[in-house]
Amino acid sequence: KDQVFQPSTVASSEGAVVEIFCNHSVSNAYNFFWYLHFPGCAPRLLVKGSKPSQQGRYNMTYERFSSSLLILQVREADAAVYYCACSGGFQKLVFGTGTRLLVSP
Amino acid sequence: DAGITQSPRHKVTETGTPVTLRCHQTENHRYMYWYRQDPGHGLRLIHYSYGVKDTDKGEVSDGYSVSRSKTEDFLLTLESATSSQTSVYFCAISDRDYGYTFGSGTRLTVV
């Protein structure tokens with residue numbers, strides 16, 4: 001079964017670099033996608049690709065079956081749910097169960 | 001954000017009644033998707049569409065049907081709503097680069 005795995009919760013302190021890890025068992029998947037979701041809002045794409053990449057404070061690492069999202073200088077406002085996803089063929093994304101980021105002052 | 005809207009935003013319905021959720025896009029994207037979001041399960045694909053009148057089942061399609069008669073509209077119907085279908089439903093659109101754009105969601109409560 002195609003699955004994406006990520007931790008349910010990650011805790012950090014303000015100003016730190018936080019890492020959220022993801023790995024998958026999705027057949028023929030080469031791309032990772034990282035989404036940010038605040039309750040009541042639309043999930044928003046942060047970074048994607050099949051190689052390491054950066055968008056502002058968001059860095060994405062890449063290995064064939066795993067990726068990490070690194071958030072630099074994390075803030076309390078970054079507390080949200082982060083989804084990792086992989087492309088499962090036919091333009092379909094397989095999502096993980098989401099990681100809740102907790103940020104303490 | 002891309003032009004994608006979901007309606008209604010909130011709905012409460014009774015068990016056994018049919019319910020239709022609407023997703024409307026103004027981006028002329030070929031691909032459209034319906035996901036449900038539940039605690040501990042993340043986002044799970046219900047149905048998707050790869051063109052007008054072209055649809056297919058996702059991971060959790062039982063009890064749901066879809067229709068796409070126009071490029072811009074993708075409808076999700078719960079044939080006979082059950083309490084297990086209480087969830088937040090997200091529509092998404094995509095073009096060739098796989099990046100999804102999501103709508104803001106519909107919170108459905110079945111009582």
Side-chain angles (χ1 to χ4, degrees), chain A residues 1-10 20 22-51 53 55 58 60 62 67 69 80-101, chain B residues 1-10 23-25 27 29-51 54-61 66 68 74 87-108:
Chain A
K1 181 181 177 182
D2 291 343
Q3 287 186 284
V4 175
F5 307 95
Q6 56 183 126
S8 59
T9 307
V10 168
I20 302 174
C22 168
N23 66 310
H24 75 84
S25 62
V26 179
S27 302
N28 300 315
Y30 290 90
N31 291 297
F32 282 91
F33 302 78
W34 286 95
Y35 283 83
L36 164 64
H37 186 220
F38 291 105
C41 298
R44 177 169 67 93
L45 180 64
L46 291 174
V47 64
K48 66 178 182 180
S50 57
K51 60 183 180 181
S53 62
Q55 290 287 336
Y58 304 102
M60 184 185 94
Y62 179 84
S67 172
L69 176 70
V81 176
Y82 293 81
Y83 286 102
C84 175
C86 295
S87 49
F90 215 95
Q91 295 284 124
K92 289 187 295 180
L93 292 185
V94 179
F95 285 85
T97 54
T99 298
R100 181 172 300 277
L101 175 63
Chain B
D1 282 348
I4 174 172
T5 55
Q6 293 184 230
S7 58
R9 288 297 310 275
H10 303 272
C23 179
H24 179 76
Q25 61 144 332
E27 301 298 313
H29 283 346
R30 178 181 176 187
Y31 303 95
M32 299 186 75
Y33 313 83
W34 278 106
Y35 282 81
R36 60 179 289 174
Q37 181 193 43
D38 303 289
H41 293 279
L43 292 161
R44 294 181 292 173
L45 182 65
I46 305 171
H47 281 279
Y48 64 100
S49 170
Y50 45 96
D54 290 324
T55 65
D56 205 349
K57 297 178 179 179
E59 178 187 358
V60 290
S61 59
V66 289
R68 192 170 178 198
F74 193 32
S87 186
V88 180
Y89 292 85
F90 286 98
C91 177
I93 60 176
S94 173
D95 210 335
R96 290 173 297 173
D97 70 348
Y98 277 99
Y100 283 17
T101 300
F102 282 92
S104 298
T106 294
R107 182 174 294 277
L108 177 67

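Below, read A as the first sequence line, B as the second, and so on, with proteins coming before strands; counting in each chain starts at 1. As a basis for the values below, the full set of heavy atoms in this structure was taken, side chains included, without hydrogen atoms, waters or symmetry mates.
- Within 6.0 Å of CZ in A/R100 there are 12 or fewer heavy atoms belonging to other residues, nucleotides or ligands.
- Checked against the 6.0 Å centroid criterion, the rings of A/F95 and B/Y35 qualify as a close aromatic pair.
- Scanning all heavy atoms of the two residues, the minimum distance from B/G103 to A/P43 falls at O-CD, 4.1 Å.
- In this structure, the side chain of A/Y35 engages the main chain of B/Y100 through a donor-acceptor pair within 3.5 Å.
- Listed here is the closest heavy atom pair of A/C41 and B/F90: O-CE2, 3.7 Å.
- Proximity to chain A (any heavy atom under 4.5 Å) is restricted, for B/Q37, to the side chain, taken from C-beta onward.
- When B/G42, B/A92, B/G40, B/G105 are compared by the number of non-hydrogen pairs under 4.5 Å with chain A, B/G42 comes out ahead.
- B/L45 touches chain A through its side chain: at least one heavy atom from C-beta onward sits under 4.5 Å away, while N, CA, C and O do not.
- In this structure, A/K92 does not pair ionically with B/E59, as no charged nitrogen and carboxylate oxygen lie closer than 4.0 Å.
- Heavy atoms of B/R9 lying under 4.5 Å from chain A belong exclusively to its side chain.
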